[in-house]
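Taking it in order: structure first as structure tokens, then the write-up.
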Amino acid sequence: MITSKQLLETIYKISRYSDFKLVKLDELLLINQKSKKAIRFVKEKQNVQSLDFLIQKTQHQIKEILNFNPVKIDIYLINQPVPADFNNSTIKVHSLSKYSELRHIDVSRQYQVFSRIKGRQSENYYYKRLMADNDIDRAMSKFSPVTTILIVLNVLIFLINLMISFSNPSGNLIEKGGLSHFNFVHGEYYRVFTSIFLHFDFSHILLNMLSLYIFGKLTEYLFGPLRFLLIYLISGLIGNLLSLSFETTALSAGASGAITGLLGALFVYMIISKRFEKKLLIQTAVGLLIFLLMSNLFGRVNNWAHFGGLFGGFFVALMFKQARLYFYMMTAGLALIIILLLMNTFSQSEENIYNHKVQAAMVHGDFKEAESMAKDIFAKGYEDADTYRLYGLVLANNQSLAEGIATWQTGLKRYPESAVLNYQMALAMRANDDYKKAQSYFNKAEKYMSAKETKELKNELKVFGE
């Protein structure tokens with residue numbers, strides 16, 4: 001026998017794990033607007049006449065709600081037999097008397113999986129959830145498959161990277177797909193997406209995943225799984241492209257740009273649908289400010305990505321809410337924005353982020369690590385004149401000045417007009433008391449360096465050179 005709690009639990013799970021929405025709790029009527037199907041559970045005892053009347057009433061109610069005739073209506077009689085054959089191409093009447101039979105109702109694959117998990121909540125719990133009369137409560141109780149997958153994916157990637165870091169302490173996010181201007185302009189375009197799924201530390205991923213859970217569920221409920229995913233990814237893309245356009249030296253990672261895009265989409269929905277009070281709109285704005293402030297507390301904040309993501313989410317959500325003609329026009333506008341951001345990104349002078357890491361290791365006195373990093377730069381083909389300068393300094397410290405000079409000379413063969421290499425060679429020749437060669441290298445460097453930068457060495461060469 002099916003109890004009242006088991007029936008409410010079933011209706012709750014159907015609402016949570018499928019596109020069916022409970023429209024009348026007192027009549028246990030659920031409707032799927034997309035598939036134009038309906039389900040009705042009947043606890044009252046039925047005879048032929050009463051069931052026939054109930055079927056006609058249900059058809060009329062559904063037609064009023066959908067504004068057209070439903071494709072299929074399933075009526076389930078609880079703990080009672082079907083009094084007569086009412087089945088046709090639209091109407092199907094079933095009899096259910098066992099709890100196990102409720103789990104086999106065909107509504108969605110998600111329901112088939114999660115209905116097997118026996119609910120441990122009280123009957124009142126399911127009743128309150130089903131009584132929710134606003135979109136916020138419904139969204140939070142609704143199962144959100146894409147949001148769940150994104151959270152699980154982010155956490156798994158974080159844990160895998162954490163384990164890799166334990167076994168390889170020198171590993172870092174730039175090697176795992178973090179976003180940097182230098183790598184992007186050198187053809188590693190995938191980083192605009194991979195960086196969205198990377199996080200620096202536990203506090204970073206905790207804040208982002210809590211925010212994704214709340215704003216993700218709301219956005220996925222209001223826009224649907226596919227549109228939600230597009231908003232999320234495009235917001236992350238726009239945020240990262242805006243970041244690349246203005247930030248050329250930092251390493252960026254995290255889902256916050258995509259998450260602020262969800263907030264932008266929520267603003268659009270609230271404004272256009274006019275289904276929400278101004279109070280809720282203000283609360284959402286406050287939520288955005290709190291998220292941005294909390295993000296800044298943890299350091300390594302990329303506000304360009306936040307602003308770009310917010311704009312991206314706002315823009316994409318607006319596209320979905322416009323007529324088809326405007327949708328195509330705004331799609332073209334979005335493509336133009338992406339092209340302009342790419343043009344600006346490639347027009348910026350590049351900063352070799354790997355050289356900065358070598359220099360940072362040298363500043364901390366870790367010259368062995370600096371040498372290993374420099375070798376990696378050469379192996380990847382990312383070396384430039386400054387790489388030769390730094391590598392030469394490392395070798396001069398780890399091995400001998402002669403090794404450093406040999407490295408700088410090799411660099412000058414590739415970059416003969418490099419100011420940093422010529423200046424470095426001038427310093428090396430001065431150290432060897434070869435002031436004639438030092439002056440020669442200095443003269444080349446002086447062409448590309450300011451008087452302030454060369455003043456000290458120039459005076460020294462003038463004194464000792466004479």
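Just so it is clear, the structure is predicted and the values come from calculations on it, not from any experiment. Numbers for residues simply follow the sequence, beginning at 1.
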Quick one: pull up CD in Glu220 and CG in Leu226 and give me the separation to the nearest 0.5 Å.
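Output value for this atom pair is 10.5 Å.
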
Asn355 CG to Asp386 CG distance, which is reported to the nearest 0.5 Å:
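Rounded to the nearest 0.5 Å, the CG-CG separation comes to 5.0 Å.
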
Show me the side-chain donor-acceptor pairs of residues 211-219 shorter than 3.5 Å, one per line, residues at least two apart or across chains.
| residue | atom | partner | partner atom | Å |
| --- | --- | --- | --- | --- |
| Ser211 | OG | Leu207 | O | 2.9 |
| Lys217 | NZ | Lys142 | O | 2.6 |
| Thr219 | OG1 | Phe215 | O | 2.7 |

Listed by chain and number, what are the side-chain hydrogen bond (donor to acceptor under 3.5 Å, both in side chains) partners of Ser400, not counting sequence neighbours?
none

Looking at residues at least two apart in the chain, or sitting in another chain, which of them share a side-chain hydrogen bond (donor to acceptor under 3.5 Å, both in side chains) with Glu351?
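None.
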
Any idea how Phe246 and Trp304 line up, ring-wise: parallel (<30°), tilted (30 to 60°), or perpendicular (>60°)?
parallel

Which label fits Phe182 and Tyr382: parallel for a plane angle under 30°, tilted from 30 to 60°, or perpendicular past 60°?
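Perpendicular.
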
Between [X] (side chain) and [Y] (backbone), is there a donor-acceptor pair under 3.5 Å?
| X | Y | answer |
| --- | --- | --- |
| Ser245 | Leu241 | yes |
| Asn240 | Phe193 | no |
| Ser235 | Gly313 | yes |
| Glu247 | Thr249 | yes |
| Ser18 | Phe20 | yes |
| Arg129 | Asn124 | no |
| Thr194 | Gly177 | yes |
| Thr387 | Asp384 | yes |
| Asp366 | Glu369 | yes |

Is any side-chain heavy atom of [X] less than 4.5 Å from a side-chain heavy atom of [Y]?
| X | Y | value |
| --- | --- | --- |
| Tyr111 | Lys13 | yes |
| Tyr221 | Met140 | no |
| Ser180 | Ile174 | yes |
| Asn154 | Asn208 | no |

Regarding [X] and [Y], does a basic nitrogen lie under 4.0 Å from an acidic carboxylate oxygen?
| X | Y | answer |
| --- | --- | --- |
| Glu371 | Lys368 | no |
| Lys436 | Asp434 | no |
| Glu9 | Arg120 | no |

I'd like to know whether Gln409 forms a side chain to side chain donor-acceptor pair (under 3.5 Å) with Thr407, so could you lay out the CA-CA distance, the side-chain angles of the two residues, the decisive distance to 0.1 Å, and finally the verdict.
CA-CA 5 Å; Gln409 287 175 334; Thr407 300; over 6 Å; no

Over 12 foreign heavy atoms within 6.0 Å of [atom1], [X]:
| X | atom1 | answer |
| --- | --- | --- |
| Lys380 | NZ | yes |
| Glu417 | CD | no |
| Tyr127 | OH | no |

Ignoring hydrogens, what is the shortest heavy-atom contact between Gly257 and Thr260? Give both atom names and the distance.
O-OG1, 2.8 Å

With sequence neighbours excluded, what pairs up with His104 under the side-chain contact (heavy atoms from CB on, under 4.5 Å) test?
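So His104 forms no side-chain contact (heavy atoms from CB on, under 4.5 Å) with any residue.
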
Phe223: partners by ring pair (Phe, Tyr, Trp, His ring centres under 6.0 Å), with sequence neighbours left out:
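Scan of Phe223 (ring pair (Phe, Tyr, Trp, His ring centres under 6.0 Å), adjacent residues dropped) gives Tyr269.
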
Pairs meeting criterion ring pair (Phe, Tyr, Trp, His ring centres under 6.0 Å) with involvement of residues 394-417, two or more places apart:
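Applying ring pair (Phe, Tyr, Trp, His ring centres under 6.0 Å) to every pair that reaches into residues 394-417, excluding sequence neighbours, yields nothing.
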
Audit row: Tyr388, Arg414, side-chain contact (heavy atoms from CB on, under 4.5 Å) steps and yes/no
CA-CA 10 Å; Tyr388 281 98; Arg414 288 187 61 181; 3.4 Å; yes

Taking the six-membered ring for Trp, are Phe184 and Tyr189 closer than 6.0 Å centroid to centroid?
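Yes, ring centres under 6.0 Å apart.
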
Ring-ring centroid check Phe378 Tyr391, cutoff 6.0 Å
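Judged by ring-centre distance (under 6.0 Å), Phe378 and Tyr391 do meet the cut-off.
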
